Amino acid sequence: MDGATALTLGIFLLSVIPSYVHGLMDNRGTKFVLGFMENFQATLFSELFITTSKSLPVSVNITSPRWHTSGMHLSLTVVSGTVEQVNISSSLRMTGSSLSSKGLLIEASDEIVVYGFNKEPFSNDAFLGIPCDVIGSEYYVTAYFPSFFSSEILVVGVSNATSLQIKLSETLQSLVYFQGGNFSKGQWINFTVDAYDTLQLQSAGDVTGTFIKSDKPVSVFSGNVLTAVGNGTADHLAEQHISVDKWGKSYATVPIPERIVGDYFRLIASEHHTKVVVQGLDGSFQHTETLTLSKPGDWVQRHFSSSLYAFITSDKPIYVVQYSLSQVNRNMADPSMIIIPPMELYAAHYVFTTPKSATGSYDSYFMFVVKKVDLDGLRINGLPLNATEIREFPGGEYVGGHVPLSEGTYDIRHISPICVFGGVLYGRGWFETYGFATGMRLTSINEPCIQNSQSPGDGLDNDCDRKIDEEIENNQDDDGDGLIDEDCAKPYQDRPCFATPCYNGGTCVESGANYTCTCIHGYDPASDCRSTIDFCLRNPCPHTKVCLPHLGGFTCVCTAGFTGTDCTSDIDECASSPCIHGNCTDNVNGYRCLCDAGYAGLHCESNVDECASSPCIHGNCTDDVNSFHCSCDVGFSGITCTSTVSSSECSSSNCNVVRCSIFNLQLGTACYYAWVSCLLSALVLATLSFCVIFIYGIKKRQRLSKEQRSPFPFEDTTLGESKKRFDFNVFRQNGNKS
């Protein structure tokens with residue numbers, strides 16, 4: 001261990017909240033039994049940090065029930081969004097291989113999260129506290145070798161009369177000295193512990209692969225008092241382990257950020273003949289490796305480069321632990337030991353606080369693994385995640401990366417509670433490093449599974465597909481297994497909008513634990529924008545019974561004569577000016593033309609023929625608009641030519657033209673000359689008439705003379721003397737002419 005200046009490292013609480021559901025099988029709980037292993041000296045406090053996700057205050061009691069020398073008795077209250085730091089006397093750390101009663105009991109009125117930091121100057125590491133409801137009874141532990149000081153194991157009893165069996169690793173290079181006995185590799189140590197008993201075993205060798213079995217659940221820790229990993233500086237290593245029943249078959253590894261020396265990974269088998277496949281991408285180079293672990297507890301160590309993103313898969317459950325290497329050539333970072341969460345136990349939500357060193361700040365990083373399609377849904381304190389580096393894993397389905405973090409508290413979650421991701425918080429300082437999983441679900445996935453009815457958000461694998469709470473109650477098959485709503489998560493109660501409850505593009509607005517949906521026009525907010533609004537239910541079409549609803553509105557099928565969105569507008573059939581010579585009156589589905597005088601027809605298009613009734617009695621009729629005029633025959637006048645013409649009429653100034661019919665003349669003259677002309681015309685007519693009659697009479701008389709008759713056709717004896725006198729005169733005249 002290098003360096004001369006002590007750094008004050010706080011242990012702090014990591015608030016990990018995969019889902020806001022009471023009773024979920026994860027790292028939250030109401031009872032924790034913890035202990036602290038030996039560090040290379042005992043000059044500083046160990047620390048606990050405690051927080052909660054509950055909205056109401058949570059009462060917490062911290063005691064050392066069976067350790068009364070410098071014992072622990074503290075009560076406090078913690079509320080959501082706050083972190084309570086508790087100093088733990090270094091006298092409660094274990095030393096050497098020994099049995100004591102230094103177990104710490106943390107009890108709470110509601111679920112809390114606990115994180116521990118075992119610190120000394122230039123020597124520290126952290127662990128995530130595992131609550132009593134998810135600890136187990138079978139464990140394999142890890143450490144590192146060669147070690148400056150001992151590797152170590154700590155078992156803390158939770159219940160009285162717990163039978164404990166410990167089988168030392170088959171690869172242990174040195175003995176374990178305990179209560180006067182020497183135990184070597186492969187040997188069993190059998191013991192009985194009571195609640196809050198603390199049993200620590202140390203060895204100069206590597207205890208990795210040591211098996212611990214108990215008849216009642218116990219808390220198990222392991223690590224190194226102080227060690228280098230590779231060549232370089234040294235640090236304390238510590239982790240609280242998860243039991244074998246929670247080991248997985250799929251892991252994804254992300255390299256420690258800003259390093260060039262790479263990382264060590266240890267893989268431990270839980271069953272015989274375990275086949276392990278490593279597939280990774282190191283830049284553009286493929287990394288593939290197949291390993292076989294012969295029996296339970298066998299382990300193998302591999303060195304991954306600082307640019308290798310790898311999948312580690314197995315046909316049987318395994319345990320994966322990552323070690324950051326010691327500093328080389330001022331490449332900052334002391335060793336740390338980090339338990340890698342199985343992908344089967346990934347969560348959708350983590351909350352944590354980055355620690356602060358006593359002499360400065362850490363360079364902290366959040367390392368993550370997530371499906372590529374889910375990357376955009378990650379939020380850090382409500383904002384999109386801006387990762388410094390994102391790399392694909394083999395196959396391209398998953399990506400990994402890291403985000404640098406300043407000091408503070410962070411809420412990292414996916415907007416959907418069924419989109420899970422893995423997280424590790426890592427920090428480095430001058431000769432100091434810490435690292436731990438930001439949390440995980442802790443369901444027993446490595447045990448025979450029995451399908452059972454689900455309770456949303458119960459944190460169990462209800463359908464035995466090695467997935468936990470992978471559906472949302474939405475009547476859809478979210479995980480693509482052919483089943484609907486068979487293993488459901490619950491929405492976030494503190495951030496309901498993160499569950500994207502508003503469908504079809506709706507916007508979610510939070511109000512405390514409640515929310516409202518602002519929908520795109522046409523969707524119903526009462527259904528979280530799932531259903532469209534049936535606008536026809538309001539009977540918006542008063543003039544028709546046919547209403548056709550559609551997204552965002554409705555369409556009325558209007559009856560004849562109406563138009564408009566709701567068919568309330570009467571169509572103005574007069575708008576096209578159909579009445580050519582008249583005024584238009586609009587009716588429903590029609591119109592009526594009131595024609596101007598002189599016009600008729602549907603559209604007033606026809607001029608009325610006022611001559612049709614032959615109004616000119618003695619003359620010719622000429623039709624006009626709404627009138628007529630007569631051209632009267634000679635001798636007639638008046639509007640309809642019914643009046644005879646008198647001489648007085650010729651004295652009027654209107655007498656400009658006189659028609660003399662015998663010659664068919666039109667004489668443009670004054671009335672005086674016109675009358676003279678007409679009299680002469682009448683005289684000529686009378687003369688001609690007489691001549692015709694006279695000639696006719698002569699010819700008649702000649703014919704009758706021959707027949708001894710009177711030459712006159714009108715001869716009549718009744719005329720008497722007058723007749724004879726006329727005859728005589730006629731003949732005398734005729735004789736004179738002759």
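Side chains included, hydrogens not; waters and symmetry mates left out as well; all remaining heavy atoms used. In this text the structure is predicted, and so the values were computed from the model without any measurement.
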For the backbone of [Y] and the side chain of [X], can you confirm whether one donor and one acceptor N or O come within less than 3.5 Å of each other?
| X | Y | value |
| --- | --- | --- |
| S46 | N87 | no |
| Q200 | G96 | yes |
| S89 | L92 | no |
| T52 | I112 | no |
| K316 | H272 | yes |
| S174 | S203 | no |
| N231 | S326 | no |
| E344 | N446 | no |
| N224 | Y144 | yes |
| S324 | D334 | yes |

Please lay out, stage by stage, how L168 and V207 fare under the test side-chain contact (heavy atoms from CB on, under 4.5 Å).
-> CA-CA 7 Å; L168 297 177; V207 297; 5.8 Å; no
Check the pair D197, R66 against salt bridge (Lys or Arg N to Asp or Glu O under 4.0 Å), reporting the backbone distance first and the verdict last.
-> CA-CA 8 Å; D197 277 350; R66 295 180 56 204; 2.5 Å; yes
Hey, are the side chains of [X] and [Y] touching, using non-hydrogen atoms and a 4.5 Å cut-off?
| X | Y | result |
| --- | --- | --- |
| V276 | I312 | yes |
| S214 | Q165 | no |
| T30 | E107 | no |
| L293 | W299 | no |
| V155 | F191 | no |
| Q173 | D206 | yes |
| Y346 | F368 | no |
| K216 | N160 | no |

To the nearest 0.5 Å, tell me how far F221 CZ sits from I130 CD1.
->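 The distance works out to 8.5 Å.
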Separation between CE of M94 and CD of E152, rounded to the nearest 0.5 Å =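 One gets 10.0 Å once the value is rounded to the nearest 0.5 Å.
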Steps toward side-chain contact (heavy atoms from CB on, under 4.5 Å) verdict (I256, M367) = CA-CA 8 Å; I256 299 295; M367 301 153 56; 4.1 Å; yes
Validate the cation-pi geometry between R266 and Y323: distance from NZ or CZ to the six-membered ring centre under 6.0 Å, angle to the ring axis within 45°.
->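 Yes, cation above the ring, under 6.0 Å and within 45°.
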Closest contact, heavy atoms only, G435 versus S336 =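 Closest heavy-atom pair between G435 and S336: N-CB, 4.2 Å.
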Do F366 and F352 have ring centroids that are under 6.0 Å from one another?
->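 So the answer is yes for these two rings.
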Decide if the gap between the ring center of Y140 and the ring center of W247 is smaller than 6.0 angstrom.
->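 Judged by ring-centre distance (under 6.0 Å), Y140 and W247 do meet the cut-off.
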Relative to each other, are the rings of Y350 and F421 parallel, tilted or perpendicular (30° and 60° limits)?
->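 Perpendicular.
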Residue of the set W67, Y196, F36 for which side chain to side chain contact (heavy atoms under 4.5 Å, CB included) holds with L104 |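 Going through W67, Y196, F36 one by one, the side chain to side chain contact (heavy atoms under 4.5 Å, CB included) with L104 is satisfied by F36 alone.
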Sole residue of S64, S91, P65 in side chain to side chain contact (heavy atoms under 4.5 Å, CB included) with M72 |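 Result for side chain to side chain contact (heavy atoms under 4.5 Å, CB included) with M72: S64.
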Evaluate side-chain hydrogen bond (donor to acceptor under 3.5 Å, both in side chains) for S163 paired with D215, printing each intermediate quantity in order.
-> CA-CA 6 Å; S163 177; D215 62 349; 4.7 Å; no
Let me see the working for V225 and F148 under side-chain contact (heavy atoms from CB on, under 4.5 Å), right down to the final yes or no.
-> CA-CA 8 Å; V225 176; F148 289 2; over 6 Å; no
Contacts of Y251 that satisfy ring-ring contact (aromatic ring centres under 6.0 Å, His included) - sequence neighbours left out |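 Testing Y251 for ring-ring contact (aromatic ring centres under 6.0 Å, His included), a comparison that skips the adjacent residues, returns none.
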Does a donor on one side chain and an acceptor on the other come within less than 3.5 Å for Q187 and S184?
->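 Looking only at side-chain atoms, S184 and Q187 do form a donor-acceptor pair, the distance falling under 3.5 Å.
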Can you list the steps and then say if I268 with T142 is a side-chain contact (heavy atoms from CB on, under 4.5 Å)?
-> CA-CA 9 Å; I268 306 171; T142 59; 3.1 Å; yes
Intermediate values then yes/no, side-chain hydrogen bond (donor to acceptor under 3.5 Å, both in side chains), T51 and Y115 = CA-CA 9 Å; T51 192; Y115 194 81; over 6 Å; no
By side chain to side chain contact (heavy atoms under 4.5 Å, CB included) - contacts of T95 (at least two apart) |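 Expected list: E38.
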Results of side chain to side chain contact (heavy atoms under 4.5 Å, CB included) for I339 - residues two or more places apart only |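 Checked I339 against side chain to side chain contact (heavy atoms under 4.5 Å, CB included); matches are E239, H241, Y319.
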Is it true that R93 and E120 make a salt bridge, defined as a side-chain N closer than 4.0 Å to a carboxylate O?
->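 E120 and R93: salt-bridged.
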